[in-house]
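Naming convention: chains lettered A, B, ... in sequence-line order (proteins, then strands); numbering from 1 in each chain. Computed from a predicted model, the values in this text were never measured in an experiment.
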Protein chains: 2
Amino acid sequence: MSSTSSCLVTKLSHYVSLSQADCARLATLEKAERTFDAGHEVYQGGDENKDLYVVKHGWAFSYTDLPDGRRQIVKIHHPGDIIGFPDVALKHVTTTLRTVEDVCLCPFPKSSLDEILRESPKLSALLLSIALRDQVVLIDLLRAMGRMSAQERVSYMLLDLISRLRITNPGMTDTIRLPMTQSQIADYLGLTNVYISKTFIRMEEDGYIHRDQNRLQILREDAMIELTDFHDRYADMDTSWFPHD
Amino acid sequence: MSSTSSCLVTKLSHYVSLSQADCARLATLEKAERTFDAGHEVYQGGDENKDLYVVKHGWAFSYTDLPDGRRQIVKIHHPGDIIGFPDVALKHVTTTLRTVEDVCLCPFPKSSLDEILRESPKLSALLLSIALRDQVVLIDLLRAMGRMSAQERVSYMLLDLISRLRITNPGMTDTIRLPMTQSQIADYLGLTNVYISKTFIRMEEDGYIHRDQNRLQILREDAMIELTDFHDRYADMDTSWFPHD
DNA sequence: CGTAGTGTTGAGATCGATCAAGCGCTGTGG
DNA sequence: CCACAGCGCTTGATCGATCTCAACACTACG
């Protein structure tokens, strides 16, 4: 999470080496900057689809509500993520974006993508790959929601979070900062805050995790990987078919 | 589902008008053809990622199993769909592909995408949009799985199916052919075959649907749309930002 | 005519939800 | 410095939607 270079470039060049020109193209996406307080709603579902955002620092999440108030959080956003990408295909945004803590976002217009598609086949391939990889990640989450118990879902979430954070923080070990409340975790995993509490306590008693303030240490990562049949979708992508410059 | 022209071209030109050259590019994807019997596994999760497939006719689905046998169907494929697209980003496929009935598929190599990305910005934008739209669809399904009751999930599935089929069959009204078994529907919705049976019976008693053989008529579509807060993601896409030829 | 697959039905079990209370922070205002 | 409100987390009692298990009916098919 260096403050000097772009998180987006860091994240993307994990997968392919980018030309100067392509780095410059990405850098223009992060020219503008806006900060938001914790718990702020940046845009709401149904709004006209104007900008995308690159996360500079802080966590946020996207969610949808059912008419009666049931809430589903569909994506947790970290530094380097592009927010709002799926909605590019549609005229209106489908989710509401809410910050978890103080956050800095870089808005850029949808039309910037047009330029990338016309001028850089390699970046186009990379963006397409990211979109497709995110589909695989959603499918993994779907599997967890459809077929896993509460403890398995929590384990899956923790493994997914730590895998994502390791891409941009290679120094990370087994401890993550978890700024979300248990109600938010419940809305992400399709459970209730009460049951999240009970599940965390159970997992701590069983020696899977250790909690301290809002830091969480994963004690038995291998056991949790086995429990959830977890696959890291972030470390590797197949870039062999990409067009060359 | 015309047998003369390509389902893929039909489906894609629903969104933008395609040049001759682009139609030709898509047609080459459907040159080869292979047929499979009902209940056949075309490829398995973990296989090397070689080909994509365009569906010419028949239904199929992609699924993953947990080590203990719990199954999650993650996508139902119809004529005109591209199968295996999300796995393009990875070296190995993440799901197993199984036919529901007798099916005809057109395999084409991943590297064909390379050519499209280099030569047609417009088709690239369209493919990217399809991938992003499919993300939104997965998010909708995730919401259903995380926060909806059995009856709501079944309603959501039926509405989603009929919306998709209407794209390629504009003549469709309120009746669909449902060749999947109740066990498969259960594996798609994260429920059990027993409870699917009970839910269908309940919905029939309540006048939402009518069943006859493997045909299913939707009697109260508006009520079901309201119940599930359903949004059609297939009818419209935002193509205004696309590059011009 | 046996066998396998699919759907239905019923009894009982269970995981997670709901409801309600209490506890420990933290920030705020008197 | 204290009182108090608000929020997040925990705890316990009870409830209920869905699962599990088992039996049975129906169809297709070799």
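- For the pair Leu216(A) CG and dC9(D) P, the interatomic distance rounds to 12 Å; values are reported in whole Å.
- Atoms CZ (Arg211(B)) and P (dT8(C)) sit 5 Å apart, rounded to a whole Å.
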Distances under 3.5 Å between protein N/O atoms and the N/O atoms of nucleotides 18-22 of chain D, please, pair by pair.
unit_1	atom_1	unit_2	atom_2	d
dT18(D)	OP1	Ala150(B)	N	3.0
dT18(D)	OP2	Tyr195(B)	OH	3.0
dC19(D)	OP1	Thr192(B)	N	3.4
dC19(D)	OP2	Thr192(B)	N	3.4
dC19(D)	OP2	Thr192(B)	OG1	3.0

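- Ring geometry for Tyr53(A) versus Tyr43(A): interplanar angle under 30°, hence parallel rather than tilted (30 to 60°).
- Proximity of Gln182(A) to the phosphate of dC7(D): no side-chain N or O atom is located under 4.0 Å from OP1 or OP2.
- Nucleotide dC7(D) holds its P atom 13 Å from the CD atom of Gln184(A), rounded to whole Å.
- As judged by a 4.0 angstrom heavy-atom cut-off over every strand, Arg70(B) is placed among residues making no nucleic acid contact.
- Distance Glu152(A) CD to dG16(C) P: 9 Å, rounded to the nearest Å.
- Going from atom CD of Glu205(A) over to atom P of dT11(D) covers 9 Å, rounded to whole Å.
- Under the 4.0 Å criterion applied to side-chain N and carboxylate O atoms, Arg164(A) and Asp81(A) are assigned as salt-bridge partners.
- If you measure from atom CG of Asp68(A) to atom P of dT18(C), you get 10 Å, rounded to the nearest angstrom.
- Using a 4.0 Å cut-off, some side-chain N or O of Ser197(A) falls inside it from OP1 or OP2 of dT10(D).
- Per the geometry, CD1 belonging to Ile185(B) stands 18 Å off P belonging to dG5(C), to the nearest Å.
- A salt bridge between Arg233(A) and Asp160(A) is absent, with no side-chain N of the basic residue lying under 4.0 Å from a carboxylate O of the acidic one.
- Between Arg202(A) atom CZ and dT14(C) atom C1' there is a gap of 13 Å when expressed in whole angstrom units.
- The pair Asp232(A)-Arg166(A) fails the salt-bridge criterion, with no side-chain N (NZ, NE, NH1 or NH2) lying under 4.0 Å from an Asp/Glu carboxylate O.
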Between the protein and nucleotides 28-30 of chain D, list the N/O to N/O atom pairs that are separated by less than 3.5 angstrom.
none

